[in-house]
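To start, the structure itself, in structure tokens.
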Amino acid sequence: MNNKIRCAGFGGQGIVLMGKLLAQAGMMEDKHTTFFPQYGAAMRGGTANCNVIVSDDDVASPMVETPDVILIMNGPSLDKFEPVVKSGGWIFYNTSLIDREVERDDVQVVKVPANEIADEVGSTRSANMVMLGAVAEKLGVVKVDTLIKALDVTLHGKGEKLMNLNREAMKRGAALAA
Amino acid sequence: MNNKIRCAGFGGQGIVLMGKLLAQAGMMEDKHTTFFPQYGAAMRGGTANCNVIVSDDDVASPMVETPDVILIMNGPSLDKFEPVVKSGGWIFYNTSLIDREVERDDVQVVKVPANEIADEVGSTRSANMVMLGAVAEKLGVVKVDTLIKALDVTLHGKGEKLMNLNREAMKRGAALAA
Amino acid sequence: MSDRVLMKGNEAIGEAAVQAGCQCYFGYPITPQNELTAYMSKRMIEEGRVFIQSESEIAAINMCFGAAAVGMRTMTSSSGPGISLKQEGISYMAGAELPMFFVNVMRGGPGLGNIAPSQADYFQCTRGGGHGDYRTVVYAPSDVQELYDYTFLGFDTADRYRIPTMIAADGILGQMMEPLVLTEYKQPTDLPSKQPWQLGDPSTQEPIWMTSVHLGEGKLEAHNLKLQKKHDLIEANEVRYEETMLDDAEIVIVAYGTSARVAKAAMLKAREAGIKVGMFRPITLWPFPNPQLNALADRIDNFLTVEMSLGQMIEDVRLATCGKARIHLHGRTAGGVPVEDDIVDQLKKILASKGDEIIRNF
Amino acid sequence: MSDRVLMKGNEAIGEAAVQAGCQCYFGYPITPQNELTAYMSKRMIEEGRVFIQSESEIAAINMCFGAAAVGMRTMTSSSGPGISLKQEGISYMAGAELPMFFVNVMRGGPGLGNIAPSQADYFQCTRGGGHGDYRTVVYAPSDVQELYDYTFLGFDTADRYRIPTMIAADGILGQMMEPLVLTEYKQPTDLPSKQPWQLGDPSTQEPIWMTSVHLGEGKLEAHNLKLQKKHDLIEANEVRYEETMLDDAEIVIVAYGTSARVAKAAMLKAREAGIKVGMFRPITLWPFPNPQLNALADRIDNFLTVEMSLGQMIEDVRLATCGKARIHLHGRTAGGVPVEDDIVDQLKKILASKGDEIIRNF
Amino acid sequence: MEQQVFGMPKAMKPEQTLYCPGCGHGVAHRLVAELVDEFGLRDRAIGIAPVGCSVFADKYWNFDVISAAHGRAPAVATGMKRGRPDSFVICYQGDGDLAAIGTAETIHAANRGEHFVTIFVNNAIYGMTGGQMAPTTLIGQPSQTCQLGRDAAMMGHPIRVCELIKDLPGVAFAARGSVDTPKNVLTVKKHIKKGFQNSIDGKGWSLIEIVSPCPTNWGMTPRKALTWLRENMLEHYELGVFRDCDAGNGGGA
Amino acid sequence: MEQQVFGMPKAMKPEQTLYCPGCGHGVAHRLVAELVDEFGLRDRAIGIAPVGCSVFADKYWNFDVISAAHGRAPAVATGMKRGRPDSFVICYQGDGDLAAIGTAETIHAANRGEHFVTIFVNNAIYGMTGGQMAPTTLIGQPSQTCQLGRDAAMMGHPIRVCELIKDLPGVAFAARGSVDTPKNVLTVKKHIKKGFQNSIDGKGWSLIEIVSPCPTNWGMTPRKALTWLRENMLEHYELGVFRDCDAGNGGGA
Amino acid sequence: MPRIEIDVDRCKGCGYCIEACPQKILRAAEGFNKMGVHPVETFDPEKCTGCTFCAIMCPDLVIKVYR
Amino acid sequence: MPRIEIDVDRCKGCGYCIEACPQKILRAAEGFNKMGVHPVETFDPEKCTGCTFCAIMCPDLVIKVYR
Ligand SMILES: Cc1ncc(C[n+]2csc(CCOP(=O)(O)OP(=O)(O)O)c2C)c(N)n1
Ligand SMILES: Cc1ncc(C[n+]2csc(CCOP(=O)(O)OP(=O)(O)O)c2C)c(N)n1
Ligand code: SF4
Ligand code: SF4
Ligand code: SF4
Ligand code: SF4
Ligand code: SF4
Ligand code: SF4
Ligand SMILES: [Mg+2]
Ligand SMILES: [Mg+2]
């Protein structure tokens, strides 16, 4: 099962939101789920990453030591998490900001030009949504539809314009990975 | 041995000083000695009492639970300590301020009109010295001479007039008990 | 499962407190419990109740003292350094027998340490970091739902015994999100609706004296012996724990909070590898489940204590088991979280070891 | 015996500190240690050293932090409530590995309690009432001479290991007078005359960073494991204790401080009554004399812990003896001082009892 | 018909105090009690006994009393008053309690304009612990911890609390009186009355400082102490009203 | 010949700060470092990093630095300065640190006239913990713990530290500046210089308050933050010198 | 006629009332009270104006005044 | 000739220098630096008077000034 996920990137890239949305969607699909931001040593200006588990069974440990899937939004995060992903696991990475290739050959790689697609949609800040759409479509951790519903809960109260952009970005990510 | 002593009286009667002098004198006679003021629950305006042990041997516990000797300067203190003195022990009490008799018949009683004698000497406040003189002379816990020397150490720096009054009061106490 | 909400641990505690009728919250910001203070600042004011961000942790605990004295359900929260500062006040509340519920979302210490998760305040929580003979009841939930549920219980136990109670959570529990069922709070029927001790109540006749000071010979000792009776009663009645896969176990992990969750995952892995391991999870750290662990030690030779501290809970496990078994330690500190495989490895080492050897991971 | 002086315990500590070259004292008044602060206010100024009556105990401990950081021999003192307030600061000093010597002249707690003698801060002293994984070295003298002598040692141990050390004395020890030999302090040769860590020293080249904060993944854990090594070393090297009449003993009293003195008197009484009782007196409460007591438990079936608290040191005795013996408790609290005859009675009861029964006096 | 014009207030218990002869706490207690009676507050008044000689205020006041930790009375008062706004809270503190260890709590309760009254007994010494230097000890005044007299360079200056807090917007009233003469005692009573009224009206925090003798720790007879107070303390601690929200100089929260 | 007229002070490490874009701590750090250089104090200067965003000052300052417990920097500074009078101590604090939890330590160090300099960065918010209300948060200003804006009746008023402490006799210098314009930055530097000189001359305690932006927790772009600072903070926090012992308005200890 | 009533056993002998009385009709008595102090007495009661000054100054609620 | 030197990779793009320059010769560059922000650049360097205002305002020690 591809249920242990780690999302990572720069501080401002909405990494925590990615994790929350996955967990929210997981819950809406009646799954067991935990979300835990790695806040430990991170300071202002640092990098952000979080642990998400979406599972049919009870979640014992919320720590994702050996992720099945990593969602990587920037270069330093790829350097950090490429080595720990499970053999046979998945690396989704943002080719807009990362110009190197994945080195491991025992993992499956999905390249997502997240910023570029987000730019096309009209909002660079929605790059994280593109990534989510891609992983949902590709691996079915949660359904894209549920993710879109989760948006309404998690971003409750944000303007409709932003919501539309986010939805659109997710769909584009999904389309890319289909 | 008559080496466990409890002194008790009003706050202003110099009870703690009595204890200190006994301990100081004991030390000057190369004995083992401990002094411990019962400061526990006492508050301003309350009563004062202290534990003194003067011994040829090492002093284990500094607590005087069952005194061999009690030096009692006022009425309430007699009420409190008469019951705890050891059978066969000694009660020295200040008849100037206590008009009742000791009720126990298994103890030895020395009546000391301490305030009156002190008044005669010229200083009501030296009543405690009278009492000390009496117990030293009677029981030889420490020598009267040593007590007088102890005065110089413990009250170092007080005026010579006061010292003389104190010495005189001690001697008068000793004379009374001789 | 449809009425579940996804909630952060810190916020789950806050919402439970609001539901449980917490009337006054006093707190001072500190990571990793900030979301709790922020949540209370919003919800308490929405509900027309009392929220103050105090000038310090010391002010907060003393505000609790005042509010509890007038009969309010009262709460504060902090993390290590702030809880240290509250020790005098906690001791005062215990001494005056005032109920209060408080939370320590533990981070790395000693000193300023870091803001990573930790369980290194175990001694402070269970032995009373303050002065004097007193205890506080310590709950150690291990998921968001339990944070919510034990907040209810924390308030009730505090009122029932007139004692400060607390939740000791590590930073992961405070920061993580999980689905939560927002159950409704029901006040236990044995709790009075009005506290008999409350001050400033015009309907009481005699003046009340509320204090932790007891001068007069023997008065404080008598008071403390009364507290001791209460402690004995709590030890008899309030122990909570969870047992997992003990039936056929040959070795038992003892762990609480997030450590227990990692340990459980490790246990499942170890079982797959054929190791007959079970788990005992204390939910109350004080009173500690002594009789239960003691009984277990009659048939188990090896226990592995897993904790995010360098050997604190292990003392309680050793005390509970009275030398009947070997008690090993898997300790991490200051943000280090136990790793499943490390635990499994240690289990294997222990089972392979002989004699009296005690195995610790550091 | 001619160069003896009669001195109060509190003042003996003060004079020893002055002799040991204490350069900075910071304190705040509290009974029953006031004579110590007053003594220092006089002597330190006489010696041209630093004395500040700070605005609070918290300020005092943080002044210690500063003074220790610039390489000064530093000291503070207080009693229960004040020591509780210092817990955050003590944890900081332990975390930053700054040496300091401090004194708790214990009084009745919890809360304001009373000013009578007590040993109820045992847990706080030995388990670190503050947050995080740290320890302080705890000396428990039992007469005025020892108060003096262990003050020397307290300063030296603090410097040697860069750790806070303390004397835990009950109020009786602080208040009592006994003859004292004013021995001369000699700085151990292994201690550097100048501390390598001192800040603000123009002769050091590289800027120094002095802190208890360690962010960055794993940094604090590494630091804490280093502290743990130090703790292991101290446990191996610094244990102190006294054994009395153990050779033929059938039952052993474990007690410290004033309790040990009363217990010793009780032991002598009990011996007169034909009871073969001995005494084990821990002088360091942390590190606790675990191996020594453990070895003793190989041949002794019954121990009686005598303490002026309701069952705190007994945990260490139980941990040390690992279930090999029955550990009984004679506990008094809040100004209650054990009474010789009560102890003798309990010894008799224990010797008459059978099976696993544990006898406590309350 | 003969009338009693001075007697024991109802809000006072008949108990005799444990205070030393001539101690200023006695008068301060009585004034508070008289006003509790006059305002009819006995059933909802809560007094806070601080850590200091007045820790036993409960033995004397005939209404609810709570004992706070040293210096923390303003925080305790805040908790009570916020929790139960219909209570009437009297925070009674000594100078060590209020101006040393409790400085932060005092300033922030003042700044929040908490609706309680603080009675501040300034006797320039730590009474209860046996005469150590207080934040208000005068320059040159000896104490157990400044045996040669307070030295400004080493120990700082005696703090004037009214002056320090008077401009905080939460302060409704701040005044300093003394108990050295009948007239001054009556002025103190007026100050306390004003404070009580402010508190009832929800106007913010009121501080009534009372310069007060501690004969025991000053090492003087009571009458000598009063003279010393007049000649030394009143020079540094000017009497008067420093803030009165009704007198157009701001205040209230 | 071309000369460098502005560059990196020696007392600054070349490291890049972890501060957010536009954070006021950067300028404050630099001014301190420039003056440490100008006075030639690098070998005996000790900076105190408080608990707040500037807890990592050691990474930036190229002289000895110590990290104090939250709010206790003035006590730590006192211990260092008394223990080693020839050291030069710079106490650097945020508003939560100095004016909330550290109120008592601040006031008493000021009152004792300790010979160190305090740099007080007032950004009206708790930066490090993510934007909670500070004692200096303005009325109406929202924060994590006053989401509807600070309400005076419930939460008290923003504290003006310079005004509060200026009359304590131990204070040698107290001034408030801002880092919103080059001119104001230069004035702040003058203030700090004055403080340094006082400290060297043993004249007592000097406080330099710096009104400073925290764009992140104010939820604004840096430039928006500067404008907001000018339009809102400077109204409540008047700039100027509140105490100068050399200007004939007292001070020194 | 104005008069005062002295609760002799409460008097701690501080002398504040003596100092305060404008009529100068108070003094320390010869004898001792329960606490061992010389309590206050009035030696010229007719001169009392009932001004209450003595009572106002008394820290120990010793004096009642009637008019 | 007065001039400034910009340590591009330190610039966090706050824009304080842009606001402060009396000559109005600073602006955000098109490209990104290592931190992903548009660093400051000067588009009319000859106009620089070396007044140092930009450097004084910079929280990040990005700008050196030469005269
Ligand atoms: C935390 C703490 N520190 C110190 C003490 C000791 N203590 C008791 S009363 C007191 C000072 C009393 O002085 P003040 O407040 O001036 O009251 P006074 O007795 O003069 O009326 C002190 C320091 C304490 N009880 N608790
Ligand atoms: C005793 C204690 N309480 C609380 C905290 C949490 N804490 C860290 S920084 C901070 C406030 C920082 O605000 P400020 O002093 O204004 O500095 P800034 O970050 O705004 O520069 C707090 C409350 C702590 N570390 N220690
Ligand atoms: S010590 Fe001073 S303040 Fe305390 S009761 Fe005596 S006179 Fe009053
Ligand atoms: S949070 Fe505010 S104070 Fe902290 S670094 Fe960012 S801008 Fe500066
Ligand atoms: S009432 Fe007035 S006149 Fe009468 S005794 Fe008292 S003070 Fe004197
Ligand atoms: S004022 Fe009161 S206590 Fe003092 S002497 Fe007069 S009656 Fe007695
Ligand atoms: S030095 Fe002056 S003129 Fe030159 S760029 Fe900077 S601000 Fe503009
Ligand atoms: S002020 Fe500094 S950090 Fe800000 S934009 Fe200009 S050069 Fe960049
Ligand atoms: Mg006082
Ligand atoms: Mg701030």
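On a predicted model such as this, the values are computed, not experimentally measured, just so you know. In what follows, chains are A, B, ... by sequence order, proteins preceding strands, each numbered from 1.
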Checklist entry - Of the backbone (N, CA, C, O) and the side chain (C-beta and beyond), which part of D/I61 lies under 4.5 Å from a heavy atom of chain F, both, or neither? => result neither
Item to check | Nearest heavy atoms of D/P207 and F/D64, plus distance in Å | outcome: CA-OD1, 3.3 Å
Checklist entry - Within a radius of less than 6.0 Å around NZ of D/K230, do more than 12 heavy atoms belonging to other residues, nucleotides or ligands occur? => result yes
Item to check | Atom pair CH2/CZ of D/W209 and F/F56 - distance to nearest 0.5 Å | outcome: 7.5 Å
Checklist entry - Which answer fits D/Q23, side chain, backbone, both or neither, if we ask what part of it has an atom under 4.5 Å from a heavy atom of chain F? => result neither
Checklist entry - What heavy-atom pair brings F/A68 and D/F65 nearest, and what distance separates the two atoms? => result CA-CE2, 4.5 Å
Checklist entry - For F/A75 and D/A59, which heavy atoms make the closest approach, and how far apart are they? => result CB-O, 3.6 Å
Next on the checklist: Could you report the tightest heavy-atom contact between D/E55 and F/A104, atom names first, then the distance?
Outcome noted: OE2-O, 3.8 Å
Item to check | Close side-chain approach of F/S67 and D/Y92, heavy atoms under 4.5 Å | outcome: no
Next on the checklist: Does any backbone or side-chain atom of F/A73 lie under 4.5 Å from a heavy atom of chain D? Answer side chain, backbone, both or neither.
Outcome noted: neither
Item to check | Residue part contacting chain F, namely of D/S91, when any heavy atom lies under 4.5 Å | outcome: neither
Checklist outcome for this item: Counting heavy-atom pairs under 4.5 Å with chain D, the top scorer among F/K59, F/R44, F/H108, F/K81 is F/H108
Item to check | Option that, when pairs with chain F are counted at under 4.5 Å, heavy atom only, ranks first among D/A96, D/A60, D/A67 | outcome: D/A67
Next on the checklist: Please identify, among F/I66, F/T78, F/V51, the residue contributing the most non-hydrogen atom pairs under 4.5 Å to chain D.
Outcome noted: F/I66
Item to check | Heavy atoms from other residues, nucleotides or ligands near NZ of F/K13 exceed 12 (cutoff 6.0 Å) | outcome: yes
Item to check | Residue selection (most heavy-atom pairs with chain F, distance under 4.5 Å) from D/V213, D/I58, D/V70 | outcome: D/V70
Checklist entry - What's the spacing between D/S54 OG and F/E105 CD if we round to 0.5 Å? => result 9.0 Å
Checklist entry - Between F/D86, F/I46, F/D43, F/D58, which residue shows the highest count of heavy-atom pairs closer than 4.5 Å to chain D? => result F/D58
Checklist entry - What's the verdict on side chain to side chain contact (heavy atoms under 4.5 Å, CB included) for D/M63 and F/R72, showing C-alpha distance, side-chain angles and the deciding distance? => result CA-CA 9 Å; D/M63 289 175 187; F/R72 318 306 175 187; over 6 Å; no
Checklist entry - What are the two closest heavy atoms between D/V50 and F/R82, and how far apart are they? => result CG2-O, 3.3 Å
Checklist entry - Which atoms form the tightest heavy-atom contact between D/G200 and F/R84, and what is the distance? => result O-CD, 3.7 Å
